[in-house]
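In what follows, a single structure is set out as C-alpha cells and then discussed.
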There are 2 protein chains.
Amino acid sequence: MHEQLKLDNQICFRLYAASRLVTQAYRLLLEPLGLTYPQYLVMMVLWERDNQLVSDITHRLMLDTNTVTPLLQRMEREGLVVRTRGIADGRQTLVSLTHKGKRLEDKAQNVPTCMVQNLLGDGDIGGYASLVENLDTLIGNLKKTL
Amino acid sequence: MHEQLKLDNQICFRLYAASRLVTQAYRLLLEPLGLTYPQYLVMMVLWERDNQLVSDITHRLMLDTNTVTPLLQRMEREGLVVRTRGIADGRQTLVSLTHKGKRLEDKAQNVPTCMVQNLLGDGDIGGYASLVENLDTLIGNLKKTL
DNA sequence: TAATATTGTATCGTGTGCGATATAAATGCA
DNA sequence: TGCATTTATATCGCACACGATACAATATTA
C-alpha cells in the first residue's frame, strides 16, 4: 500500500474521530442545558441574530432542510424556538427564539471556554491558527468536488 | 464575545463540517461498491487482518458495540462478513470476510487515491503533516477529558 | 391568464452514534 | 461447589444526516 493511501485514511479517519469526540465533549457541557450539539449550533445562529429563515440556518450550518426541519421541530417541542409561516412569502418558515431560548444564552456562557480547555488540554497547540486554516482549505476542496 | 470563544466555535464546527464533507465525498466513491463510510472502515480493518473480534473492531474505530454490532449485522445481511461465536470464549463474536467481502478489496483499490485528490484539490500538500499532527493532539486532549 | 417551472419546507426511509439496559458466558471468591 | 461479579456482545430508544420524494406557494412564460 502506497504512502499516500495510508495518509488518506489517516486524515479522514482522524476527522471522523475528532468530530465524534468533539460532540461527546459538548454533550457533557450541554446536557445540563437540555441541548444536543446540533441544537446548540442552531441556538448560536439564533443568539447571534433572532428571527431567521430555515434556509438561513441550513446555509449557515451547511445542512439541508431534511436535517434542520426535524431538528427545529424537536426544539419547538422543547419550547426553545417558535416556527411561523412567512407573511410575504408563504413558503418560508421563520424561526424565532422563545423566552426560554433567550434565557438559555446566559447558561451557555461558559461552554465555549470549557471546550477550548478540552481542546487545548494542558499544553498549547502551536498551530492552532494553521489548523483552522488547513481545515478551511480541506473544506473548500471537498466542497468543490461535491 | 471574546476572541477565544469565537475560536472555539470555529474549530469545533469546522471539524463537524469537515467530517460530514469527508463522508459525503466517500459516498460518491463507495456507493458503487455498496458500502457506507463506516462500513468501509470496518472493511479496511478486516482487509488488513481477517478474523477479528467485535472488540478488536470497536477499539480500532473508537466506537462502541452498540454502534458496531448493528453495523456488522447489516454487513452480514449484505453478505460481506460472517459472524461466528467464539469457541474458546463463548462470549466473543468473531468477524470474518466472505468471498464477496474479500473480492471487494480489489474494487476499492482506487478509493484512497480519489479521496486524496478530493482533499488536496489542485493545491499543494503543505501543512498536511502538521494537520495530522494537530488532529492527533486534539484527539489526545479530548480523549483525556472523556 | 392558464399552464409550467421553480423555490422553500416538509416528509419518509435507512444508516449510523450513543446512553442505557439486557443477557449469556466466564471468572473470582467464600 | 455455589454464587456474585465481571466481561463480551447484543438490544432498545432517541437524535441526527442525508438521499429521495412530496407539496404548497411563488415566479415564469407562452
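The residue among B:Arg85 and A:Glu78 whose nearest nucleotide of DNA chain D is located toward the 5' end is B:Arg85. For the pair A:Gln24 and B:Arg91, both in contact range of DNA chain C, the more 5′-proximal nearest nucleotide belongs to A:Gln24. For the pair A:Arg27 and A:Asn66, both in contact range of DNA chain C, the more 5′-proximal nearest nucleotide belongs to A:Asn66. Taking for each of B:Glu31 and A:Thr23 the nucleotide of DNA chain D with the nearest heavy atom, the 5'-most of the two is the partner of A:Thr23.
Of the side-chain N and O atoms in A:Thr69, one or more sit less than 4.0 angstrom from OP1 or OP2 of C:dA10. Phosphate contact (OP1/OP2 of D:dA10, side-chain N/O of B:Thr93, threshold under 4.0 Å): present. An OP1 or OP2 oxygen of C:dT16 is reached within less than 4.0 angstrom by a side-chain nitrogen or oxygen of B:Gln39. A close approach under 4.0 Å does occur between a side-chain nitrogen or oxygen of B:Tyr16 and OP1 or OP2 of D:dA17.
In this structure, a donor-acceptor pair under 3.5 Å is absent between the side chains of A:Arg27 and A:Thr36.
A:Arg14 forms no cation-pi arrangement with A:Tyr16, by the criterion of a distance under 6.0 Å to the ring centre and an angle within 45° of the ring axis.
Atoms CG (A:Leu94) and P (C:dT9) sit 9 Å apart, rounded to a whole Å. The distance between atom CD1 of B:Ile57 and atom P of C:dT16, rounded to the nearest whole Å, is 13 Å. Atoms CG (B:Leu30) and P (D:dA17) sit 19 Å apart, rounded to a whole Å. Remark: P of D:dA8 and CD of B:Gln73 are 19 Å apart, rounded to the nearest angstrom. In this structure, the CZ atom of A:Arg83 is 9 Å from the C1' atom of C:dT9, given to the nearest Å. The CG atom of A:Asp64 sits 13 Å away from the C1' atom of C:dT7 (whole-angstrom rounding). Rounding to whole angstrom units, CZ of residue A:Arg20 and P of C:dC18 are separated by 5 Å. Going from atom CG of A:Leu146 over to atom P of D:dA17 covers 17 Å, rounded to whole Å.
A donor-acceptor contact shorter than 3.5 Å is absent between the side chain of A:Thr65 and the backbone of A:Val68.
Residue A:Pro38 has its side chain nearest to D:dA17 when only D:dA17, C:dA10, C:dT16 are considered. Closest approach to the A:Leu63 side chain among D:dC18, C:dT9, C:dT7 is made by D:dC18 (side chain taken as heavy atoms from C-beta onward). Listed nucleotides D:dA15, C:dT9, C:dG15 differ in distance to A:Thr36; the shortest reach to its side chain belongs to D:dA15.
Among the protein residues, B:Thr67 comes within range of the nucleic acid bases, having at least one heavy atom under 4.0 Å from a base atom.
Once rounded to the nearest 0.5 Å, the distance linking OG1 of A:Thr98 with CZ of A:Arg103 reads 7.5 Å.
A donor-acceptor contact under 3.5 Å is not formed by the side chain of B:Thr65 with the base of D:dA8.
Between A:Gln52 and A:Val45 the shortest heavy-atom distance is NE2-O, 3.1 Å.
The aromatic rings of A:Trp47 and A:Tyr40 lie perpendicular to each other, with more than 60° between the two planes, well past the 30° mark.
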